[in-house]
Q: 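Quick one: structure below, then a few questions.
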Amino acid sequence: MSPAVVASGADPSGAPRGGGKLIIVGTPIGNMGDLSERARQAFAAVDLIACEDTRRTGLLLSNCGIANPGMVVANEHTEHDRIGRVLEVLAAGGSVAIASDAGMPTISDPGAALVRAAAQAGFEVVAVPGPTAASSAIALSGFAATRWVFEGFIPRKGSERAARLVELADERRVVVFYEAPHRLLRTLADLAEVFGVDRECSVARELTKMHEAVWRGSLGRAVDEVGEPRGEYVIVIDQAPPLAPVTDDELRAAVHAAIHAGTSTKDASAEVAARFGVGRRRVYQLATEG
Ligand code: SAM
C-alpha cells in the first residue's frame, strides 16, 4: 500500500495494526477532476472494492489507468450480504475500499453497514474524503451554516412526509435536502406551504458539472423561478427566524391552566418551562407569586 494512504490510518479507537483496513473513498459528484490523489492511491492499493455499481466504478478505475482488483456489489439491496466477504478479506490482512456511485459513501448512499461491521470486528476504518453534494451546496448558499442539519431525501408522501416537514419548520439550523428532479417543484411547494413563503432558500443544481447553477431567493418564489428541473438538486433552507419571546402573561396563563387541571405546581412549572423553552424557576415564580 502506498505511504500516503497508510499514513492517514492512525485509528483513535486503537484497532489492531497489521490487520486489514477498510477505506471509505469519496469519489466525484460530476467532475472527474475532483478525484483526489489519495482516492487514486487507495483504489490502486486495495485488494477488493465494495461498490454500488461495478460498471460505474470500473469506468472510474479505467479512466485513471488503475487495474480492477476485484469488486463486489454493495448497494442498498446487497450491502448486508457482502459483510461476510469484506470481513474475510480484512481478516486475511487485506484492504477493502468502499465506493458509491458519487460523492461520499454512506451519505444518502450505502456503506454504513460495512463500516459498522468492520469497526465492530476491530478492523481499522479510515476515510479518504471526497466531494459531497451537501457540503458544496451549503457553501454556495451563502447562509451562515455554523449549525446545519442534513435531511437527505424526505419521505415522498403521506403522513410521514407531512410530519417531517412540520417537525423541521421551526428548525434553527440550516436544513439540507437532496431531491430528485421530478419531485423538486412539489417539494419546494410543500416547503413554502409549511416553512412559509418568506423563508430564504438556495437550490443548487448539477454541482461541479457543465450545467451547474444555484438559485437563491424565497421559498415563495422558488417554484416559479428555478426553471424546468433537470439533473441533480440540493435544496438548502436558511434557519428559521427566532420565535417571538414568550411573555410572563402567557406563561402565567399556561401554568395556572395546568394547575387548575390537577397538576402540582412543581410539575406544572416543569412542564410549561419545557413547552416554552424557558427556565423552570421563572415559571415557578409566576405560578406562586401573590
Ligand atoms: N453520496 C452522495 C453525496 O455524497 O452527496 C449523495 C448520493 S444521493 C444517492 C444522490 C443525490 O445527491 C442526488 O439526488 C442529489 O440530490 C444529490 N447530488 C449528488 N450529486 C449532485 C450534484 N452534482 N449536484 C447536485 N446534487 C447532487
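Whatever order the structure lists ligands and atoms in, that order sets their numbers, starting from 1. All values derive from a computational prediction rather than experimental measurement.
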Q: Please tell me if the side chains of Gln41 and Ser36 come closer than 4.5 Å, counting only heavy atoms from C-beta onward.
A: no

Q: Within a radius of less than 6.0 Å around NZ of Lys266, do more than 12 heavy atoms belonging to other residues, nucleotides or ligands occur?
A: no

Q: Do Arg85 and Glu88 meet the salt-bridge criterion of a basic N to acidic O distance under 4.0 Å?
A: yes

Q: Show which residues join Val246 in its hydrophobic cluster (side-chain heavy-atom contacts under 4.5 Å, direct or indirect), or state none.
A: Leu251, Val255, Ile259, Val272, Phe276, Val278, Val283, Leu286

Q: With ILVMFWY side chains joined below 4.5 Å, transitively, what does Ile235's cluster contain besides itself?
A: Val149, Ile154, Leu165, Val166, Leu168, Val175, Phe177, Leu184, Leu185, Leu188, Leu191, Val194, Phe195, Val203, Trp215, Leu219, Val223, Val226, Tyr233, Ile237

Q: Could you give the N/O to N/O pairs under 3.5 Å linking ligand 1 and the protein, each with its distance?
A:
{"residue": "ligand 1", "atom": "1 (N)", "partner": "Ala102", "partner atom": "O", "Å": "3.0"}
{"residue": "ligand 1", "atom": "1 (N)", "partner": "Met104", "partner atom": "O", "Å": "3.0"}
{"residue": "ligand 1", "atom": "1 (N)", "partner": "Ile107", "partner atom": "O", "Å": "2.9"}
{"residue": "ligand 1", "atom": "1 (N)", "partner": "Asp109", "partner atom": "OD2", "Å": "2.7"}
{"residue": "ligand 1", "atom": "4 (O)", "partner": "Met104", "partner atom": "N", "Å": "3.0"}
{"residue": "ligand 1", "atom": "4 (O)", "partner": "Thr132", "partner atom": "OG1", "Å": "2.6"}
{"residue": "ligand 1", "atom": "5 (O)", "partner": "Thr132", "partner atom": "OG1", "Å": "3.2"}
{"residue": "ligand 1", "atom": "5 (O)", "partner": "Ala133", "partner atom": "N", "Å": "2.9"}
{"residue": "ligand 1", "atom": "5 (O)", "partner": "Tyr178", "partner atom": "OH", "Å": "2.6"}
{"residue": "ligand 1", "atom": "16 (O)", "partner": "Glu179", "partner atom": "N", "Å": "3.3"}
{"residue": "ligand 1", "atom": "16 (O)", "partner": "Tyr233", "partner atom": "O", "Å": "2.6"}
{"residue": "ligand 1", "atom": "20 (N)", "partner": "Glu232", "partner atom": "OE1", "Å": "3.3"}
{"residue": "ligand 1", "atom": "23 (N)", "partner": "Ile29", "partner atom": "O", "Å": "2.9"}
{"residue": "ligand 1", "atom": "23 (N)", "partner": "Leu207", "partner atom": "N", "Å": "3.3"}
{"residue": "ligand 1", "atom": "23 (N)", "partner": "Leu207", "partner atom": "O", "Å": "2.9"}
{"residue": "ligand 1", "atom": "24 (N)", "partner": "Leu207", "partner atom": "N", "Å": "2.8"}

Q: Show me the donor-acceptor pairs, under 3.5 Å and distance only, between side chains in residues 131-148 and residues at least two apart or in other chains.
A:
{"residue": "Ser135", "atom": "OG", "partner": "Thr132", "partner atom": "O", "Å": "3.2"}
{"residue": "Ser141", "atom": "OG", "partner": "Ile138", "partner atom": "O", "Å": "2.7"}
{"residue": "Ser141", "atom": "OG", "partner": "Phe143", "partner atom": "N", "Å": "3.0"}

